[in-house]
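Let me begin by presenting the structure, written as structure tokens, before commenting on it.
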Amino acid sequence: QTPSHHSVLGIGGTACRYNGKMYVGGAGCLYSWDGTSWTAIDTISSVSCLYPYQGKLLIGGSIEDHPHSIDHILVEWDGTTRQPFRGIDSVATSQGVYAITEYKSDLIVAGNIIPLTVTGASDLSDIMRWTGTAWTPLGHGLGGRNGIAEVSSMAVIGNELFFGGIFDEARGNVGMG
């Protein structure tokens, strides 16, 4: 069922431009707007962020892969099909990826990310860098009270990368989140 203009705007979540259309995601859905009408693209558990990357649309959040019911935290969509993004499910799990950006030629994803027990994954907490060939830590991650840290936004200004969210230290350096 295609929603009305007002109900799509009421879903909350995120939006971006990809392949000449506006894409809007939120709780349980992904829609596109072509300037005339809305089209339901996919039913997804929760879309937290959208980011065009290398000709595909990255979708971050908590994404259920029906009929197998596998949760993914980041998928890439080529306009027809979606698939997990470049091995992220083998190094981390989470409540979701909430922010995506590019910084110094690398893709940076952040959110409420928990590293799995694999070689080199211990510092992949909450912030991860895709170098084009592997997932690596960005610094030493973030810390928070009772071990809870969550990045909800990122911005690149000049040559600096800034984070917003719930955390009180950047692994050893006290900060304000």
Spatial distance of atom [atom1] ([X]) from atom [atom2] ([Y]) [nearest 0.5 Å]:
X: L30; Y: W77; atom1: CG; atom2: CH2; result: 6.5 Å
X: R82; Y: I41; atom1: CZ; atom2: CD1; result: 11.5 Å
X: D78; Y: L57; atom1: CG; atom2: CG; result: 10.0 Å
X: L161; Y: I108; atom1: CG; atom2: CD1; result: 6.5 Å
X: F85; Y: E76; atom1: CZ; atom2: CD; result: 5.5 Å
X: I127; Y: M154; atom1: CD1; atom2: CE; result: 8.0 Å

What is the minimum heavy-atom distance between [X] and [Y], and which atoms define it?
X: Y18; Y: G79; value: OH-N, 4.2 Å
X: L50; Y: G25; value: CD1-N, 4.0 Å
X: G111; Y: Y98; value: CA-CD1, 3.7 Å
X: I100; Y: G60; value: CD1-N, 4.4 Å
X: G165; Y: S152; value: CA-OG, 3.6 Å

Next on the checklist: Between Y53 and W130, is the ring centroid distance below 6.0 Å?
Outcome noted: no
Can you confirm whether [X] sits close enough to [Y] that some side-chain heavy atom of one is under 4.5 Å from a side-chain heavy atom of the other?
X: V109; Y: T101; value: no
X: L74; Y: P84; value: no
X: L58; Y: L107; value: yes

Checklist entry - Are V97 and C49 close enough, and set up right, to give a side chain to side chain contact (heavy atoms under 4.5 Å, CB included), and what steps lead you there? => result CA-CA 7 Å; V97 168; C49 56; 4.0 Å; yes
Checklist entry - Relative to each other, are the rings of W38 and Y31 parallel, tilted or perpendicular (30° and 60° limits)? => result perpendicular
Next on the checklist: Given 3.5 Å as the limit, does a donor-acceptor pair link the side chain of Y51 with the main chain of A99, or not?
Outcome noted: no
Next on the checklist: So that I can tick it off, tell me whether D34 and K21 are bridged by a salt bridge, with the cut-off set at under 4.0 angstrom between side-chain N and carboxylate O.
Outcome noted: no
